[in-house]
Structure formats: structure tokens, C-alpha cells
Amino acid sequence: MNNLVFQKDRELDLIAVGRLGVDLNANEIHRPMEETLTFTKYLGGSPANIAVAISRLGLKAGFIGRVADDQLGRFITNYLKDNNIDSSSVVIDKSGAKTGLAFTEIKSPTDCSILMYRSDAVDLRLEVGDIKEEYIKNSKAILISGTALAASPSREACFAAVELARKNKTVVFFDIDYRPYTWKSVEETAIYYSLLAEKCDVIIGTREEFDMLEMFSNPGNKDDFVTAKKWFDFNAKIMVIKHGKEGSYAYTLERDKFTGSVFPVIPVKTFGAGDSYAGGFIYGLMQGYDPGKAMEIGAASASIVVSSHSCSDAMPGIDKIRRFIDQYDGEKAYDVENI
Ligand SMILES: Nc1ncnc2c1ncn2[C@@H]1O[C@H](COP(=O)(O)OP(=O)(O)OP(=O)(O)O)[C@@H](O)[C@H]1O
Ligand SMILES: O=C(O)C[C@@H](O)[C@H](O)C(=O)CO
């Protein structure tokens, strides 16, 4: 059981809001990108990856975002449709703005990086007019991915989506998803993130992300409980603070603390952990599980995704997650294709 109230009789379970992008993941792994010859193209963008996770877990996901009116935009909308994600609120942008690209470098299991191409990124063209109350009213929850706050008009569109969600009792999840390269300054980031966080029911972020968020209000604080309490004084009901491979903690408004399990693996690459974890965790909460059980599903999903080449395409269904948990046998490389 958990303290969130999801409205019944809504067609959609979760609407993700924010960026739809393309990941180009190096095929020749364990090499620097300078020497990479070929890449595989996948759907990318943190909220897009989370929407795929939710859909693969058997819930009905929708998306609010903008895609370019070109081949990559069509690749993205086709991928959403093929994965049973409602794309009726994905707007085809005619301004000439381009899809954000994430080129990934996989030098070793722990040395990975992402080279972003995000000049005039189309996802940040999302407008308030793209946010339809009827759509949000028809979903049990929405998820705001913080990078969508980096620039106008996408920033205002996110605030509008959250206001409409609150008005219609649609639960608001906020995944901080801080990508420094998208922002002008850390101060700007902290201010807009904090304003949005005040309005959210569940906030998910890493310890470092919360350090950034609290740079004015709690400078120097490293205590997860102090962080959680700050947001409980606004609207938060569940706070999740992630500590990488060390695991994660959830705090509830009722002052319960849950320690998330972690299934350490030797990964293929490190990125994708946060998105799969968020997808599994949200799924668990929507099943009515307590935060501890929901975090276990998120952690197992993350272990599967970091053991795979892609983020979106590797998102597992619940049966695969359960088989992984059953078969888990300590920190080693797992052939997750065959679980
Ligand atoms: N090497 C790993 N092996 C197993 N599980 C992992 C590993 N790395 C991360 N995880 C799981 O994923 C969860 C989220 O990871 P993390 O705290 O790194 O989030 P993040 O920084 O948002 O991820 P990302 O790298 O995708 O931005 C962790 O709590 C843990 O359960
Ligand atoms: O979020 C992005 O724009 C890129 C992602 O798809 C990427 O693979 C990643 O960083 C996963 O969190």
C-alpha cells in the first residue's frame, strides 16, 4: 500500500511530458567515440524511455511533446505507436527545429558518456497551447521530466500541465533529470526546479540533483531526511533519493522510510539506469505496492537496462523483471537477452 490516490476510470495510466529524442549508441563498445564507426539508432529522451518502460509493463502510457516534421520525427512517432503509447498529444512542429540527438560513448562498463546535439532542440518548442485539459483529465498520472523546464516555451507548458493535473486530481510525478548542458546556469536551474517541485506529489532525483535544487534553501545539506521534509512541507507525498549503485531511499509524508534493494551487475553501460528505475517504480506504485516493493521493481529493471545496449528498446516487462530477481546471483555480467 502507498499514500497516493489514483483516480479510477481513466483511459491512460501515465502521460510523460518532455523530450522525445534519438539515441545513437556506439556499436563498437569499449572504444572512444573518436574511433567509433557505427551507431545504432534508438528512441531516446528520458521521459520517452520512461513511457516505453510503463507501456512494456502493461500500463497505458501517453505522451505530450513535440517532434520535428522530418524523418527522425516520424521515426519517433512510429516507435511510440509500435509500443502502444498514445501519441495523440505529440505535436508535429513546423518551425524547422530539430530532434535532439544523444551520441553515446561506451568506453568501459563504468566509463560512459553522452555527447548531446541539442541546438534549437524541437522538444523545447512545446507550447502552453499544446497542453489539453481533457487529455490530462483522462490520465491517472503525469510525469514531468525536469529538462523540459530548461527554456521557454516548454517551461511554461510544463507548469500549465502541472496546474491542470492538480485541478483534475491527476497525480504528478517529477523526475529531476538534470542535464547541465541544457541550462544557462545552475542558479536558473535551481529556481525553476524548486518552483515546480513545490507542486508535485512524488519527486525522484539523485543526491547530487537535490544538492543542486537546495542550493539556496539548504546549502551544504547532505541529509536525505532534511531534503524529504522540505518538500513534504509543500505537496510531496513520496520522495525518492537515489545514490547510484549504492541504491535508493524513499520517504513518505507519514514519516516512513524505505530502503530500496539494489541488484548490482557489471553493466554494458551506465546510462538508462534512472529511466528504467523510474518506470519500474511508478508502475509499482500504480499497482498499489508500498514504496519498498516499487523500488525493488525499479532497481531490477535498471539492472536489466544497464546490462543491455539500449535504453528504450531494452525496457523489460514484469515477467522478465521477476525472472531476473529470481535468478539474481551476485554482481557479474548478465546475459539479459535470454532471461
Ligand atoms: N551498475 C549498476 N548495477 C545495478 N543497478 C544499478 C547500477 N547502476 C544503477 N543501478 C540502479 O539504478 C538506480 C538508479 O541509478 P542512479 O542513481 O545512477 O540514477 P541516475 O543517476 O538517474 O541514472 P542515469 O545514469 O540513467 O542518469 C539505482 O538506485 C540502482 O538501483
Ligand atoms: O535523455 C536523453 O536525452 C538521452 C537518453 O535517452 C539517454 O540514453 C540517457 O541519458 C538515458 O537516461
Side-chain angles (χ1 to χ4, degrees), residues 21-33 35-46 48-59 61 79 82-85 102-115 206 242-248 260-284 287 289 292-339:
V22 166
D23 282 358
L24 291 156
N25 290 4
N27 291 332
E28 298 91 23
I29 63 168
H30 305 160
R31 271 202 219 172
M33 199 180 299
E35 293 166 22
T36 302
L37 295 176
T38 63
F39 297 84
T40 299
K41 170 165 125 273
Y42 300 106
L43 172 76
S46 175
N49 294 335
I50 296 173
V52 175
I54 287 290
S55 185
R56 297 263 174 99
L57 285 162
L59 298 182
Y79 191 93
D82 291 347
N83 278 273
N84 195 30
I85 297 168
F103 288 87
T104 63
E105 180 180 56
I106 307 174
K107 281 208 241 174
S108 79
T110 49
D111 186 5
C112 301
S113 67
I114 301 181
L115 180 62
T206 63
K242 298 181 285 183
H243 291 260
K245 240 184 100 173
E246 311 309 314
S248 52
S261 332
V262 55
F263 302 92
V265 295
I266 297 175
V268 171
K269 42 88 174 136
T270 54
F271 44 85
D275 300 341
S276 39
Y277 174 91
F281 178 67
I282 293 169
Y283 164 85
Q287 303 305 300
Y289 300 156
K293 189 162 178 207
M295 284 194 289
E296 182 184 52
I297 296 171
S301 179
S303 297
I304 292 171
V305 169
V306 296
S307 303
S308 314
H309 190 250
S310 77
C311 296
S312 53
D313 239 24
M315 291 298 174
I318 192 66
D319 292 345
K320 188 164 184 165
I321 291 176
R322 295 223 164 94
R323 285 197 298 274
F324 176 79
I325 294 174
D326 287 347
Q327 291 172 25
Y328 182 72
D329 183 27
E331 184 165 7
K332 60 179 191 180
Y334 284 83
D335 173 14
V336 290
E337 293 282 314
N338 293 310
I339 282 181

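All residue numbers in this chain count up from 1 along the given sequence.
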Which atom pair, heavy atoms only, marks the closest approach of [X] to [Y]?
{"X": "Glu105", "Y": "Met33", "value": "OE2-N, 2.7 Å"}
{"X": "Pro109", "Y": "His30", "value": "CD-NE2, 4.0 Å"}
{"X": "Ile50", "Y": "Ala278", "value": "CD1-CB, 3.7 Å"}
{"X": "Asp23", "Y": "Leu43", "value": "OD2-O, 4.1 Å"}
{"X": "Gly279", "Y": "Ala53", "value": "CA-CB, 3.9 Å"}
{"X": "Gly272", "Y": "Ser276", "value": "O-OG, 2.7 Å"}

Considering only heavy atoms from C-beta outward, does the side chain of [X] approach that of [Y] to under 4.5 Å?
{"X": "Lys245", "Y": "Val265", "value": "no"}
{"X": "Ser312", "Y": "Tyr79", "value": "yes"}
{"X": "Phe271", "Y": "Cys311", "value": "yes"}
{"X": "Glu28", "Y": "Leu37", "value": "yes"}
{"X": "His309", "Y": "Ile29", "value": "yes"}

Interatomic spacing from [atom1] in [X] to [atom2] in [Y] - rounded to 0.5 Å:
{"X": "Thr40", "Y": "Asn27", "atom1": "OG1", "atom2": "CG", "result": "3.5 Å"}
{"X": "Lys107", "Y": "Glu35", "atom1": "NZ", "atom2": "CD", "result": "10.0 Å"}
{"X": "Thr104", "Y": "Leu115", "atom1": "OG1", "atom2": "CG", "result": "10.0 Å"}
{"X": "Ile297", "Y": "Tyr277", "atom1": "CD1", "atom2": "OH", "result": "11.0 Å"}
{"X": "Ile114", "Y": "Ile106", "atom1": "CD1", "atom2": "CD1", "result": "9.5 Å"}
{"X": "Lys269", "Y": "Ser307", "atom1": "NZ", "atom2": "OG", "result": "8.5 Å"}

query = So Gln287 and Leu59, side-chain contact (heavy atoms from CB on, under 4.5 Å) or not? Walk me through it.
reply = CA-CA 10 Å; Gln287 303 305 300; Leu59 298 182; 3.8 Å; yes

request  = Using distance alone, with no hydrogens and no angle criterion, decide if Ser55 and Asn84 have a side-chain donor and acceptor under 3.5 Å apart.
outcome  = no

Identify all side-chain donor-acceptor contacts of residues 314-325 below 3.5 Å with residues at least two apart in sequence or on another chain.
| from | atom 1 | to | atom 2 | distance (Å) |
| --- | --- | --- | --- | --- |
| Lys320 | NZ | Val336 | O | 2.8 |
| Arg322 | NH2 | Tyr289 | OH | 3.4 |
| Arg323 | NH2 | Ile339 | O | 3.1 |

request  = Take atom CD of Glu337 as the centre, draw a 6.0 Å sphere, and report whether it contains more than 12 heavy atoms from other residues, nucleotides or ligands.
outcome  = no

inquiry  = I need the full list of salt bridge (Lys or Arg N to Asp or Glu O under 4.0 Å) pairs touching residues 305-316, with sequence neighbours left out, sorted by first then second residue.
reply    = Arg56-Asp313

message = Using side chain to side chain donor-acceptor pair (under 3.5 Å), reason through Asp275 and Ser46 one step at a time and then give a plain yes or no.
response = CA-CA 6 Å; Asp275 300 341; Ser46 175; 2.6 Å; yes

message = I'd like to know whether the aromatic ring centres of Tyr328 and Tyr334 sit less than 6.0 Å apart in this structure.
response = yes

key: Main-chain N/O of Ser310 paired to Ser308 side chain as donor or acceptor, under 3.5 Å   = no

task = Could you tell me whether a side-chain N or O of Glu331 sits under 3.5 Å from a main-chain N or O of Pro264, the two making a donor and an acceptor?
result = no

